[in-house]
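Step one of this worksheet: look at the structure below.
Remember, it's 1-based here, ligands and their atoms both numbered in the order they're listed. What you see below is based on every heavy atom in this structure, not just the backbone, and it leaves out hydrogens, waters and symmetry mates. Since the structure is predicted, the reported quantities are computational estimates derived from the model, not experimental observations.
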Amino acid sequence: MIRSIGIVGSGLAGLSTAKTLRQFGFDVTIFEKEADIGGVWSASRRYPGLTTQNPRDTYAFSDFPMPRSYPEWPTGAQVQAYLETYVDHFAFRDAIRLNCEVVAAIPRGEEGWTIVTRSTRDGNEDRHDVDYLIVCNGIFSIPSIPAFPGRDDFIGAGGHILHTSEFTDPEIARGRNLLVIGYGKSSCDVAMASVGLAASTTVIARHLIWKIPKRLAKILNFKHLFLNRLGEGLFRYIQIRGFEKFLHGPGKPVRDMMMGSVQAVISRQLQLRRIGLEPDSKLETIARSTVSLVTDGFYENIASGAIGFQKGEIATLRPGEATLSTGATVPAEVIICGTGWHQRCDFLDAATLAKVTDMRGNFRLYRSMLPVGVPRLAFNGYNSSFFSQLNAEVSALWLADLLRGGLTPPPVETQNAYVDSRLAWMEARTDGKHSKGTNIIPFSVHHMDEILAEMDLKLPLSTRLKHWFVAIDAADYAGLLPRLMRRHGVTSRPQHRASQGQAA
Ligand SMILES: Cc1cc2nc3c(=O)[nH]c(=O)nc-3n(C[C@H](O)[C@H](O)[C@H](O)COP(=O)(O)OP(=O)(O)OC[C@H]3O[C@@H](n4cnc5c(N)ncnc54)[C@H](O)[C@@H]3O)c2cc1C
Ligand SMILES: NC(=O)c1ccc[n+]([C@@H]2O[C@H](COP(=O)([O-])OP(=O)(O)OC[C@H]3O[C@@H](n4cnc5c(N)ncnc54)[C@H](OP(=O)(O)O)[C@@H]3O)[C@@H](O)[C@H]2O)c1
């Protein structure tokens with residue numbers, strides 16, 4: 001009998017999992033190592049200027065809209081405040097243990113897990129027995145910083161090396177020569193945040209990639225083009241059905257023309273050729289483990305010279321300067337690495353990890369949630385997405401259905417075949433950049449469709465048709481939870497939208 005559930009992490013995956021499972025009658029506890037909730041959006045991790053990439057209504061939970069007073073792209077602090085209000089609205093603050101790091105999870109077979117936690121305040125350790133463990137520790141949560149040759153001398157002479165998620169106080173950049181490593185969204189945002197503060201800012205990037213402006217041709221919100229079924233359908237999924245067969249078959253010339261025109265608009269709008277930053281590849285290569293939007297003002301500042309740009313990587317560091325792989329030398333006192341993240345679960349024991357991941361560290365999760373053949377363990381948030389909150393929410397419904405006995409996963413051989421084929425497909429289409437097998441971007445809606453189909457819980461046909469042409473509003477998914485609750489005979493009514501707009 002499964003009753004108590006331990007959840008690692010209070011990002012939006014942990015929060016939506018806890019809220020949903022509590023609504024289904026489970027006794028949930030979230031363990032969070034930081035002093036506040038929100039993960040990516042926590043004050044402990046957000047750099048100055050961070051906003052969502054998703055427009056507001058595409059990043060809210062289905063049954064709890066963001067306040068109308070929020071801008072189209074809410075700030076990190078606003079998202080964190082929204083999540084605080086979500087916790088209060090659904091009344092599960094008592095389930096959250098802050099400053100509580102999970103340092104070990106000891107399997108007890110079919111009995112569940114013993115979770116060992118350490119207080120980040122006083123170091124005290126505690127043990128908690130739970131019937132089921134759900135890992136929501138975030139796939140973009142553990143910073144990855146390259147081991148630069150010469151690092152120790154550089155730091156010894158007063159230099160600083162930090163990750164973008166550690167750039168929470170911009171003062172470290174003031175009056176100093178700043179290098180920002182990487183060309184993902186984090187790097188471009190941090191470079192922008194340092195303009196006018198640092199003595200100099202130089203971005204160092206190994207590869208050029210395409211980025212989407214928030215508004216194409218400065219007018220059309222990108223959500224109307226990419227955050228719907230048609231936008232997803234432009235990229236070739238592992239299996240194609242219906243209209244997608246046309247788009248990637250007889251209609252391919254039309255689809256290629258659409259992609260080509262969007263690429264031309266982006267290149268012109270950002271003047272990429274003039275500033276020498278047009279990628280060699282086509283726009284469709286944009287969808288790897290991440291998709292990056294343009295940071296407001298970034299290219300204008302490159303064009304004006306306020307932000308320098310060097311192609312290559314750091315070869316060696318010396319006090320006050322870096323030599324690049326191109327042989328160029330640049331002044332450097334602070335190095336901020338937007339060099340991505342590790343996907344790891346250091347608190348799991350080696351025997352469990354050997355089943356959860358393959359030899360290359362790729363996560364082997366059925367439906368991005370269930371490790372094959374490991375009892376009483378699941379993951380949520382292991383699905384890099386453009387609708388991370390909706391994917392987490394729909395995944396939480398799947399987990400509730402599973403734990404209430406409504407859903408039987410297929411046999412182990414089928415789960416393994418699913419994982420094998422997905423990993424091979426991701427590897428091929430992302431050139432290895434699939435965040436250890438956690439990539440579903442840009443196929444967030446396909447992923448949710450499959451999860452819902454397995455639960456026999458589809459969105460109405462009219463909504464699915466609408467989603468071909470208009471940006472997906474998270475609220476369109478709000479009916480699913482009450483339907484699943486009714487099916488399981490759960491009587492407590494989920495709360496509704498009365499307290500929208502509370503997060504200030
Ligand atoms: C800067 C940034 C901006 C993003 N913007 C968007 C966006 O606009 N749209 C979008 O769809 N996606 C975006 N993403 C992707 C993002 O990862 C998700 O949207 C989402 O916020 C992730 O939620 P999560 O709960 O899975 O992980 P996280 O938010 O990373 O939360 C994981 C939590 O687990 C905690 N934790 C980890 N290990 C332990 C442990 N051992 N013990 C206790 N607690 C632990 C962490 O402290 C953290 O609070 C963004 C990612 C980043 C890095
Ligand atoms: N809401 C927002 O505004 C926002 C802000 C930040 C991030 N995000 C999201 O968060 C996720 C992660 O984004 P991110 O920008 O943090 O990371 P990312 O997209 O993984 O980008 C990492 C960058 O670091 C480079 N890199 C990696 N290892 C390197 C090394 N050893 N040396 C030099 N360069 C290295 C990569 O270059 P290569 O291409 O050469 O590998 C890449 O340019 C994405 O989904 C992103 O969309 C969203």
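Under 4.0 Å from ligand 2, heavy atoms of Ser186 appear from its side chain as well as its backbone. By the criterion of a heavy-atom distance under 4.0 Å, the backbone of Val291, and not its side chain, is placed next to ligand 2.
Where the criterion is an N or O separation shorter than 3.5 Å, residue side chain and backbone included, Ser385 meets it with respect to ligand 1. Checked by distance only, ligand 1 and Leu12 come closer than 3.5 Å through their nitrogen or oxygen atoms. Of the polar atoms of Ala13, at least one N or O is found under 3.5 Å from an N or O of ligand 1, judged by distance alone.
The aromatic ring centroids of Tyr86 and Phe61 lie less than 6.0 Å from each other. You'll find the ring centres of Phe31 and His128 inside the 6.0 Å limit.
Using a 4.0 Å heavy-atom cutoff, Cys100 is listed among the residues neighbouring ligand 1. In this structure, Ser186 falls outside the shell of residues with a heavy atom less than 4.0 angstrom from ligand 1. Ligand 2 is never approached by Trp73 to a heavy-atom distance shorter than 4.0 Å. Under a 4.0 Å heavy-atom criterion, Cys136 is in contact with ligand 1.
Below 30°, between 30° and 60°, or above 60°: for Phe298 and Phe309 the angle between ring planes is above 60°, a perpendicular geometry. Between Tyr366 and Trp398, the ring planes lie tilted relative to each other; the angle falls in the 30° to 60° range.
Which parts of ligand 2 touch Gly182 is read off a 4.0 Å heavy-atom cut-off, strictly below it: atoms 24 (O), 25 (C), 43 (O). Residue Thr52 approaches ligand 2 through these ligand atoms, each under 4.0 Å from one of its heavy atoms: 1 (N). Under a 4.0 Å criterion applied to the non-hydrogen atoms of Trp341, ligand 1 contributes the atoms 53 (C). Atoms of ligand 2 lying under 4.0 Å from any heavy atom of Asp189, numbered from 1 in the order shown and given with element: 3 (O), 5 (C). Each of the following atoms of ligand 2 lies closer than 4.0 Å to a heavy atom of Tyr47: 5 (C), 6 (C). Every atom of ligand 1 with a heavy atom of Phe347 under 4.0 Å away is listed here by number and element: 41 (N). Close approach of ligand 1 to Glu101 (heavy-atom distance below 4.0 Å) involves ligand atoms 41 (N), 42 (N), 43 (C). The Gly338 neighbourhood of ligand 2 comprises atoms 21 (O), 22 (C), 23 (C), 24 (O), with distances under 4.0 Å to a heavy atom of that residue. Within the listing of ligand 2, atoms 17 (O), 20 (O), 22 (C) sit less than 4.0 angstrom from a heavy atom of Gly340. Each of the atoms 1 (N), 2 (C), 3 (O) of ligand 2 lies under 4.0 Å from some heavy atom of Thr51.
A 4.5 Å side-chain heavy-atom check between Ile286 and Phe235 finds at least one atom pair inside the cut-off. Side chains of Leu21 and Leu403 form a contact here, defined as non-hydrogen atoms less than 4.5 Å apart. Side-chain contact between Val103 and Glu125: present, with at least one pair of heavy atoms (C-beta onward) separated by less than 4.5 Å. A 4.5 Å side-chain heavy-atom check between Trp73 and Asn221 finds at least one atom pair inside the cut-off. Counting heavy atoms from C-beta outward, Asp131 and Arg376 have side chains that approach closer than 4.5 Å.
Few gaps surround CG on Asp169; more than 12 heavy atoms of other groups in view lie less than 6.0 Å from it. Asp129 CG: more than 12 foreign heavy atoms inside a 6.0 Å radius.
The closest protein non-hydrogen atom to atom 19 (O) of ligand 1 is Tyr59 OH, 2.6 Å. When hydrogens are left out, the protein atom nearest atom 15 (C) of ligand 1 is Phe140 CD1, 3.9 Å; that is the closest non-hydrogen contact. The nearest protein atom to atom 35 (C) of ligand 1, hydrogens excluded, is given as Glu32 OE1, 3.4 Å; this is a heavy-atom distance. Protein heavy atom in closest approach to atom 16 (C) of ligand 1: Val40 CG2, 4.0 Å. When only non-hydrogen protein atoms are considered, atom 42 (N) of ligand 1 lies nearest to Val102 N, 2.9 Å. If you check which protein heavy atom lies closest to atom 38 (N) of ligand 1, you get Asn137 CB, 3.6 Å. Counting protein heavy atoms only, atom 12 (N) of ligand 1 is closest to Ser388 OG, 3.0 Å. Scanning the protein for heavy atoms near atom 7 (C) of ligand 1, the closest one is Asn54 OD1, 3.6 Å.
A cation-pi arrangement, defined by a distance under 6.0 Å to the six-membered ring centre and an angle within 45 degrees of its axis, is absent between Arg45 and Trp41. Taking the centre and axis of the six-membered ring of Phe90, the NZ or CZ atom of Lys19 falls inside the cone set by 45° and 6.0 Å.
Salt bridge absent: Glu72 and Lys214 never bring a charged side-chain N and a carboxylate O closer than 4.0 Å. Ionic pairing of Glu321 and Arg318 is present here: one or more N-O contacts between side-chain nitrogen and carboxylate oxygen are shorter than 4.0 angstrom.
With atom 44 (N) of ligand 1 as the reference point, the heavy atom nearest to it among Gln53, Lys33, Arg97, Gln389 is part of Lys33.
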Begin with the C-alpha distance, continue with both residues' side-chain angles, and end with the deciding distance and a verdict on side-chain hydrogen bond (donor to acceptor under 3.5 Å, both in side chains) for Glu84 and Gln80.
CA-CA 6 Å; Glu84 294 281 4; Gln80 203 277 338; 2.9 Å; yes
